[in-house]
**Student:** 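This is the structure, below, for whatever I ask next.
Side chains are part of it too, since the values below use all heavy atoms of this structure and drop only hydrogens, waters and symmetry mates.
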Amino acid sequence: MDEAPPQLDCRIEHIYISKGHNYVGHHGKPPGTHQILEIDEVECVEGSGLTGDRYFDHKDNYKGQITFFEMEIYEKICNELNESGKVPSDFRRNVLTRGVDLNQWIGKQFSLQGIKFEGVEECRPCYWMNQSFGPGAELALRNQGGLRARILSTGSLRVTL
């Protein structure tokens, strides 16, 4: 019998999806205009991604079926870059957590609200962060850009404020 992965002890403060890419495939061109939708609950589908999101069924075994980001990093970057008018969705990550160091889950399985995930790698920031969030964001986010993960079981994640 498989041992259950550790349960993350954190809150989910925001969940975001987008139907299209604003930056992927736009190198040398202006970004797209696909809206980020904030939702209270999202279906995580094993091996596929988030229902309604741009990366759903993107490709087999895709390492970014879901992305996580720490609210504490968002707040820290706002302070460091003196950006008071920015919102967490500017980072274009799916699930914003509070109370967990996401980098410690790279290469490990974990559970959140009964759904199993495998942390794959950091969401490495790219030059688009300087446009979507503000000048200096790419550098400020280095080694704290969030967590890309695979979905290992199907279920719904909910905001837990």
**Student:** Identify the two heavy atoms, one from Q7 and one from S111, that lie closest to each other, and give their separation to 0.1 Å.
**Tutor:** OE1-OG, 3.2 Å
**Student:** If you compare all heavy atoms of E75 against all heavy atoms of R98, which two are closest, and at what distance to 0.1 Å?
**Tutor:** OE2-NH2, 2.5 Å
**Student:** For atom CZ of R124, decide whether the heavy atoms of other residues, nucleotides or ligands shown that lie under 6.0 angstrom number more than 12.
**Tutor:** no
**Student:** For the hydrophobic clusters of this structure (ILVMFWY residues joined by side-chain heavy atoms under 4.5 Å, transitively), does one cluster hold both V45 and I115?
**Tutor:** no
**Student:** From N103 CG over to E121 CD, what is the distance, rounded to the nearest 0.5 angstrom?
**Tutor:** 11.5 Å
**Student:** Verify, without hydrogens or angle tests, whether E13 (side chain) and L96 (backbone) share a donor-acceptor contact under 3.5 angstrom.
**Tutor:** no
**Student:** With a 4.5 Å limit on heavy-atom distance, are the side chains of L141 and F69 in contact?
**Tutor:** yes
**Student:** Determine whether a donor-acceptor pair (N or O, by modelled atom type, separation under 3.5 Å) exists between the side chain of R92 and the backbone of Y16.
**Tutor:** no
**Student:** In Å and rounded to the nearest 0.5 Å, what is the CZ to CD1 distance from F56 to I66?
**Tutor:** 12.0 Å
**Student:** What I want to check is whether the side chains of T154 and E46 have a donor and an acceptor closer together than 3.5 Å.
**Tutor:** no
**Student:** At their closest point, which heavy atom of G119 faces which heavy atom of L147, and how far apart are they?
**Tutor:** CA-CD1, 4.0 Å
**Student:** Is it possible for you to say whether I151 and F110 belong to one hydrophobic cluster, with membership spreading through side-chain heavy-atom contacts below 4.5 Å?
**Tutor:** yes
**Student:** Quick check against the 3.5 Å criterion: does E70 have a side-chain atom that pairs as donor or acceptor with the backbone of L102?
**Tutor:** yes
**Student:** Applying a strict under-4.5 Å side-chain criterion to I, L, V, M, F, W and Y, I'd like to know whether I106 and V100 cluster together.
**Tutor:** yes
**Student:** Run the numbers on W105 and F68 for side-chain contact (heavy atoms from CB on, under 4.5 Å), then give the verdict.
**Tutor:** CA-CA 11 Å; W105 295 100; F68 296 90; over 6 Å; no
**Student:** Could you tell me if the side chain of S89 sits less than 4.5 Å from the side chain of E38, heavy atoms only?
**Tutor:** no
**Student:** Quick check: closest heavy atoms across G64 and R148, and the distance to 0.1 Å?
**Tutor:** N-NH2, 4.0 Å
**Student:** Taking atom CZ of F133 and atom CD1 of I77, what is their separation to the nearest 0.5 Å?
**Tutor:** 7.0 Å
**Student:** Once you round to the nearest 0.5 Å, how far does CD1 of I17 lie from CD of E43?
**Tutor:** 11.0 Å
**Student:** Atom CD1 in I15, atom OG1 in T97: separation rounded to 0.5 Å?
**Tutor:** 11.5 Å
**Student:** Membership question, hydrophobic clusters at under 4.5 Å side-chain separation (ILVMFWY): are M71 and I73 in the same one?
**Tutor:** yes
**Student:** Which heavy atom in T67 sits nearest to a heavy atom in R93, and how many Å separate them?
**Tutor:** OG1-CA, 3.3 Å
**Student:** Under the side chain to side chain contact (heavy atoms under 4.5 Å, CB included) test against L157, which residue among D40, L112, N94, I39 passes?
**Tutor:** L112
**Student:** Do K76 and Q144 pass the side-chain contact (heavy atoms from CB on, under 4.5 Å) test, and can you show the C-alpha distance, the side-chain angles, and the key distance before you say yes or no?
**Tutor:** CA-CA 11 Å; K76 177 182 166 193; Q144 55 187 5; 3.2 Å; yes
**Student:** Evaluate side-chain contact (heavy atoms from CB on, under 4.5 Å) for Q113 paired with I12, printing each intermediate quantity in order.
**Tutor:** CA-CA 10 Å; Q113 295 183 3; I12 295 177; 3.6 Å; yes
**Student:** Would you please classify the geometry between the H58 ring and the Y55 ring as parallel, tilted or perpendicular, with 30° and 60° separating the classes?
**Tutor:** perpendicular
**Student:** Check whether any side-chain N or O of E72 sits under 3.5 Å from a backbone N or O of G99 as a donor-acceptor pair, and report yes or no.
**Tutor:** yes
**Student:** A side-chain contact here means heavy atoms from C-beta on lying under 4.5 Å apart; do K63 and R150 qualify?
**Tutor:** yes
**Student:** Under 4.5 Å between side-chain heavy atoms, hopping through other hydrophobics if needed: is there a path connecting L139 to L81?
**Tutor:** no
**Student:** As an exercise, state the distance from CD1 of I36 to CZ of R54, rounded to the nearest 0.5 Å.
**Tutor:** 5.5 Å
**Student:** For the side chain of K116 and the backbone of L152, is there at least one donor-acceptor N/O pair under 3.5 Å apart?
**Tutor:** no
**Student:** If you compare all heavy atoms of L50 against all heavy atoms of C44, which two are closest, and at what distance to 0.1 Å?
**Tutor:** CD2-SG, 3.6 Å
**Student:** Could you walk me through whether E122 and N143 pass the side-chain contact (heavy atoms from CB on, under 4.5 Å) check?
**Tutor:** CA-CA 7 Å; E122 178 197 0; N143 299 315; 4.0 Å; yes
